Structure formats: C-alpha cells, structure tokens
J.: 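So that we are looking at the same thing, I have put the structure below in structure tokens.
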Amino acid sequence: LNALVEAAVELPLAAAPQTVAVLRPPKLVGREREWAELEAAWAQQRIVLLRGEPGIGKSRLLADFARGHARALVVSSRAGDATLPYAGISRLLRSVLADAGDRPKPESWVQQELARLLPELGAPPAGPMQPLRVQRALDLVIGGSGIAAIAVDDLQFADDASLELLLRLSEAAQGTRWQFAVRAAEVPQRVQQWLSRHDGQSAVALELTALDVGGVRELIDSLGIDGFEGEHWAPRLH
C-alpha cells in the first residue's frame, strides 16, 4: 500500500453497497392509522403538527399525503437556518412564486414588501420591516397562487423569525391547508406554546411511531429483500 501511495497510483474504488437505509420504498406502508388522522384533519381544515423521531418516516408521510391532495407545495427548513433570520420563509416564498407560473404578478406594494425577503424582486420600501405588513403580503401571494396545501418539514431547524411568520400564516390561511413535521425531541418552545393554545381546535398534533412487525414485513416485501424470518426483529424503517 505504501509503495502504491508513493508512486501516486490510484487504487480502484469498490462500488458502495446499496443498503436498505438508502432505498426509497416504492409505496408507503404501515401508516393507515396516521393517514386516516391526516384525512380527518384535512376535512376539518385543521393545521397538522406531525411529530416523530429522526428517520421514522415523517418526511415521506408528509410529502405523500400533501401531494396526494390537490395542488400542494412541500418545503423544508434546513440545518443552519437558525442563524439566518427569515431564511425559511424566504425559501417558502421563492417556492410559491416559482410554482405560481403564469399567474398575475402581485400588486406593486406586495412585491415591494416581499423584496425585503427576496432581493430579486427589486428594491424594498424605505423604513424598517413591519412583520404584520409582510405577513399580509405573504397571505395575498399564497392565497393567489392556487396552492391547496403547504407542508413544511424539519420545523426544528427553522429560524425564530420564520417560525413566527409560518405559525401566523397557518392560522390566517383561507383555503390553504398547512402541515408541519418536527422531530419529537426538538420541538421549538415557540411551537409548543402555540400548540398548547390551539391543539384540538384549529390544530392537531399527530405522533408517528415505529412500524410494527407486520409493517416491517410489508416494507421489506415491497423492497424485494429476502431473509426476513424472525418476528422478534422489528427495526425502525419507513
């Protein structure tokens, strides 16, 4: 090996084995109860907060459900957003505008206010940002976009400014359903306080738990993996 390194000879790279963890199941399995709860919340026009451990399947369930109902937009908060005020809401706005296609452009004052979040929209108005005015502008853009549902994943990464606006927008939404997903052990305090005021009324919290043995068996069958024999083995797969 030392001789190879000294001679600057490249070692052949072995192909990385494909593991179950990187395979995307061709279908969602074992989530009938949770899907029914999402359907009930959708019918009641309630905001949904989906909680669960990392890797439990929140993202897949949230995206599949949202995209299975009319026109939906799915966005995610990202690690590092907490240090960038309005990072999350700016990402959402950019996605909404991109999804709007050929729909009429917003009024000039709306575009100017939103230019505070997206420089590509032009010059922002003079003076400090007024969050309620920005919220009103966002309301108008989202309402005019034709988007029926907005799902925001990884809410634990959201910056405080975006988090506050997201919760306010979801409360004020007219005709747009809102759904959030968050790691159970990392629910931001602001979200916990918000949920304590709304849970069971305009909002509902759903818990996503590990698949049972039957769900794991169905999942493995869908992946075409052989060798699942013992019912004592039930890994957390989604």
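Only heavy atoms go into these numbers, but all of them, side chains included; no hydrogens, no water, no symmetry mates. Because the structure is predicted, anything quoted here is derived from the model rather than measured.
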J.: Consider side-chain contact (heavy atoms from CB on, under 4.5 Å). Of Val134, Leu163, Leu165, Asp159, which one does Ile89 pass it with?
T.: Leu165
J.: Report, as yes or no, whether the 6.0 Å neighbourhood of atom CD on Gln189 holds more than 12 heavy atoms from other residues, nucleotides or ligands.
T.: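 Open: at most 12 neighbouring heavy atoms sit under 6.0 Å from CD of Gln189.
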J.: Any donor-acceptor pair under 3.5 Å linking the side chain of Asp81 with the backbone of Arg78?
T.: yes
J.: Are a donor atom and an acceptor atom from the side chains of Ser59 and Asp153 found within less than 3.5 Å of each other?
T.: yes
J.: Enter the distance from Glu186:CD to Glu53:CD here, rounded to the nearest 0.5 Å.
T.: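 Reported to 0.5 Å precision, the distance equals 11.0 Å.
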J.: Does Leu62 share a hydrophobic cluster with Val187, counting links as ILVMFWY side-chain heavy atoms below 4.5 Å and allowing steps through other members?
T.: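 Different hydrophobic clusters.
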J.: Group every Ile, Leu, Val, Met, Phe, Trp and Tyr by side-chain heavy-atom contacts under 4.5 Å, then state whether Val141 and Ile147 land in the same group.
T.: yes
J.: Is the count of non-hydrogen atoms from other residues, nucleotides or ligands lying under 6.0 Å from Glu207 atom CD greater than 12?
T.: yes
J.: Do you know the tightest heavy-atom contact between Arg71 and Ser145?
T.: NH1-O, 2.6 Å
J.: Test your reading of the model: is there a side-chain donor-acceptor pair from Arg168 to the backbone of Leu132, 3.5 Å cut-off?
T.: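 Here the side-chain-to-backbone pair does not exist.
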J.: Show me the donor-acceptor pairs within less than 3.5 Å that the side chains of residues 114-125 make with the rest of the protein, sequence neighbours left out.
T.:
| from | atom 1 | to | atom 2 | distance (Å) |
| --- | --- | --- | --- | --- |
| Arg116 | NE | Glu113 | OE1 | 3.1 |
| Arg116 | NH1 | Gly127 | O | 3.1 |
| Glu120 | OE1 | Arg94 | NH2 | 3.3 |
| Glu120 | OE2 | Arg94 | NE | 2.9 |
| Glu120 | OE2 | Arg94 | NH2 | 3.0 |

J.: Do you reckon Tyr86 sits in the same ILVMFWY cluster as Leu97, going by side-chain contacts under 4.5 Å, direct or chained?
T.: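 Shared cluster, yes.
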J.: Leu208 versus Arg31: any side-chain heavy-atom pair under 4.5 Å?
T.: yes
J.: To the nearest 0.5 Å, how far apart are CG in Leu50 and CD in Gln179?
T.: 8.5 Å
J.: Tell me whether Leu61 shares a hydrophobic cluster with Val204, the cluster being built from Ile, Leu, Val, Met, Phe, Trp, Tyr side chains joined at under 4.5 Å.
T.: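 Result: yes, single cluster for both.
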J.: Minimum heavy-atom separation for Ala172 and Asp139, please, with both atom names.
T.: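 Scanning both residues completely, I find the closest heavy atoms to be CB-OD2, 4.1 Å.
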J.: Using side-chain heavy atoms (C-beta onward) and a distance below 4.5 Å, is Glu171 in contact with Trp178?
T.: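 Side chain of Glu171 against side chain of Trp178, heavy atoms only: no contact under 4.5 Å found.
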J.: Between Trp42 and Ala149, what is the shortest heavy-atom contact and its length?
T.: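 Result for this residue pair: CZ3-CB, 3.5 Å.
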J.: Which heavy atom in Ala151 sits nearest to a heavy atom in Ala66, and how many Å separate them?
T.: CB-CB, 4.1 Å
J.: Does any non-hydrogen side-chain atom of Leu73 lie less than 4.5 Å from one of Leu92?
T.: yes
J.: So how far is it from His198 NE2 to Leu167 CG, rounded to the nearest 0.5 Å?
T.: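 Reported to 0.5 Å precision, the distance equals 8.0 Å.
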J.: Going by the side-chain contact (heavy atoms from CB on, under 4.5 Å) test, name the single residue among Val182, Leu155, Ile56, Leu206 that passes it with Arg51.
T.: Val182
J.: Taking the side chain as every heavy atom from C-beta outward, state whether Phe157 and Arg183 have any atom pair closer than 4.5 Å.
T.: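 In short, these two side chains touch, coming nearer than 4.5 Å.
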J.: Out of curiosity, Ile47 CD1 to Trp194 CH2, how far, rounded to the nearest 0.5 Å?
T.: 4.0 Å
J.: Classify the ring geometry of His69 against Trp35: parallel below 30°, tilted from 30° to 60°, perpendicular beyond 60°.
T.: tilted
J.: Quick one: pull up CG in Leu169 and OG1 in Thr176 and give me the separation to the nearest 0.5 Å.
T.: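 So the CG of Leu169 and the OG1 of Thr176 are separated by 10.0 Å.
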J.: For the atom pair OG (Ser77) and CZ (Arg91), what is the distance rounded to the nearest 0.5 Å?
T.: 6.5 Å
J.: Could you see if Phe180 belongs to whatever hydrophobic cluster contains Leu195? Use Ile, Leu, Val, Met, Phe, Trp, Tyr and a side-chain cutoff under 4.5 Å.
T.: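 Linked within one cluster.
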J.: Side chains of Arg133 and Trp109: closer than 4.5 Å at any heavy-atom pair?
T.: yes
